[in-house]
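The chains referred to below are lettered A, B, ... by the order of the sequence lines, with proteins before strands, and numbering in each begins at 1.
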Amino acid sequence: MIWEVFRQEQRGDYHTHCGNVHAPDREMAKQFAAIQHARRKPTHSIWVVPKDEIGELDAEETSFGGVTDKSYRWAPTYKSDLDHASEVIDSEGQQAEAEKQRGDA
Amino acid sequence: MEIDTVKERAGPREFSAADEMPLEYREAATRMIEFHANSEIMGAYLERPFIREAPSIDRKLAYSAKVQDEIGHGQLLYRAAESLGVKTREEMLDDLANGKGKFLNCFHYPMKSWPETAMIAFFVDGAAMRRQATLRRTSWEPYAHAMDKVCFEEGFHVKHGESILAELMTGSKKEQEMTQEVFEMWWPRIIQFFGPTDDKSTHHDFSADVGLKTQSNDDLRNLFLREYIPKAEKYGLEIPDEPRIRQRDDGTYEVEEGDLDWDEFFTIAKNEYEPGLGQINGRKEAQKAVQWVRDTLEWENAPEGAAKPQAAD
């Protein structure tokens with residue numbers, strides 16, 4: 001049985017996928033995951049999830065975010081001369097980055 | 001975990017579902033996150049009619065996107081609240097429908113005209129974002145994680161709101177007058193967004209001690225005023241004479257509390273304000289009207305006797 005492993009570096013971080021292990025049950029999966037994926041890198045917590053329980057949808061099957069121009073839902077679309085609050089600037093920066101990664105910008 | 005240990009360890013994203021948290025913590029966090037989730041839903045309902053009433057196709061698209069975002073934020077937050085094990089999502093949604101669920105003061109007021117949308121989308125969302133940015137450091141990790149996503153999306157809402165305000169304030173004289181008029185109506189409510197001052201706040205001390213809240217009502221209100229008074233003025237809005245606001249030498253603001261209608265605020269807080277009941281019941285009716293959609297969904301994997309699925313809208 002294959003178990004997908006998610007590792008959290010520090011308390012409060014997100015658990016991110018880091019690999020998988022073969023194991024006959026959950027207990028063994030935790031032990032193997034701890035040894036294989038949490039021994040060298042800083043780790044606060046790991047999750048193990050049976051691979052069969054994971055549902056996947058990929059970009060070949062669907063068009064994430066649709067195919068039409070959705071610039072109206074991005075902060076950088078709305079131009080302004082105002083000095084925005086820092087939290088608005090942060091959000092806009094993150095959105096600009098996401099736009100770039102999607103290849104929309 | 002003992003409450004003293006919680007207070008000692010309290011810090012950003014310190015506690016998660018893996019920790020055994022005392023009931024007092026879980027109840028305080030549930031109250032706070034449920035209030036936040038309910039506010040997202042009620043805010044979306046307030047703005048929903050303006051998808052239809054938007055004056056242009058661009059505004060219509062933006063409003064449909066924004067309303068969709070807000071409903072999504074509600075969903076995220078109900079999940080974060082549910083993770084505390086005090087109330088289920090279904091219980092929270094039922095309480096919202098039957099008038100027991102509490103939510104933000106501003107969303108108890110009906111919104112009638114287009115210029116009012118700028119009040120919500122620029123000022124109320126601006127105030128909300130200011131508060132939400134500080135909640136990325138809350139001690140309940142699932143709440144902080146929800147805030148990451150909310151803050152990511154919210155910048156669009158505020159900038160879109162600003163864009164509406166800019167359009168109105170550079171529009172016809174009539175548009176400018178209407179905008180000033182609704183600004184005067186909304187301004188005191190917006191100041192009350194942050195709740196009563198610290199000395200009158202019921203829940204602040206405990207929430208702050210256990211790291212749920214990272215900034216006090218007074219601090220947040222101050223930061224908001226410092227940020228948004230100049231923005232309102234830049235767009236040509238006149239700050240109303242009341243409530244009287246005086247800038248202290250250190251740059252912070254003193255608001256004359258007696259100029260604000262705290263009776264109305266606390267009536268609202270109890271869900272007893274008449275127009276607010278209209279908002280609550282309006283959502284309840286809308287939810288009933290789309291019950292057939294929920295009924296058509298088949299939940300194959302739901303165990304026998306499991307709670308029926310319920311959409312936030």
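Atom CG of A:D13 and atom CD of B:E141 lie 8.0 Å apart (nearest 0.5 Å). For the atom pair B:E227 CD and A:H84 NE2, the distance stands at 9.5 Å (nearest 0.5 Å). Note that the OG atom of B:S64 and the OH atom of A:Y72 stand 5.5 Å from one another [nearest 0.5 Å]. To the nearest 0.5 Å, atoms CZ (A:R73) and NE2 (B:H157) are separated by 8.0 Å. With rounding to the nearest 0.5 angstrom, the CZ atom of A:R11 is 7.0 Å from the OG atom of B:S16. Separation of atoms CG (B:D58) and OH (A:Y78) is listed at 7.0 Å; rounding is to 0.5 Å.
Scanning both residues, B:K159 and A:A75, for their nearest heavy atoms gives NZ-O, 3.2 Å.
Only the side chain of B:R59 comes within less than 4.5 Å of a heavy atom of chain A; its backbone N, CA, C and O stay farther away. For A:E97, no part sits under 4.5 Å from any heavy atom of chain B, backbone or side chain. Looking at B:F15, neither its backbone nor its side chain comes within 4.5 Å of chain A, counting heavy atoms on both sides. With a threshold of 4.5 angstrom between heavy atoms, A:S45 does not approach chain B through any atom at all. If you measure heavy-atom distances from B:A62 to chain A, the contacts under 4.5 Å come from both the backbone and the side chain. Of the two parts of B:Q132, neither the backbone nor the side chain holds a non-hydrogen atom closer than 4.5 Å to a non-hydrogen atom of chain A. B:Y228 touches chain A through its side chain: at least one heavy atom from C-beta onward sits under 4.5 Å away, while N, CA, C and O do not. In this structure, chain A has no heavy atom under 4.5 Å from any part of B:D125.
Looking only at distances, a side-chain donor or acceptor of A:Q95 sits under 3.5 Å from a matching main-chain atom of B:F152. With hydrogens and angles disregarded, no donor-acceptor distance shorter than 3.5 Å links the side chain of A:K70 to the backbone of B:L61. Judged by distance alone, with hydrogens and angles left aside, the side-chain atoms of A:E87 form no donor-acceptor pair with the main-chain N or O of B:C151 at under 3.5 Å.
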Decide yes or no on side-chain contact (heavy atoms from CB on, under 4.5 Å) for B:F156 and A:T77, but give the supporting numbers first.
-> CA-CA 8 Å; B:F156 145 55; A:T77 303; over 6 Å; no

Mind running side chain to side chain donor-acceptor pair (under 3.5 Å) on B:E162 and A:S80 for me, showing each step along the way?
-> CA-CA 8 Å; B:E162 183 208 347; A:S80 126; 2.7 Å; yes

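Chosen from A:I89, A:L82, A:D90, A:D83, the residue pairing most often with chain B at heavy-atom distances under 4.5 Å is A:L82. Put simply, of B:H145, B:R13, B:M129, the one with the most heavy-atom pairs under 4.5 Å next to chain A is B:H145.
Atom CG of B:D219 sits in a crowded spot, with more than 12 heavy atoms from other residues, nucleotides or ligands closer than 6.0 Å. Within 6.0 Å of the CD atom in A:E61, the count of heavy atoms belonging to other residues, nucleotides or ligands exceeds 12.
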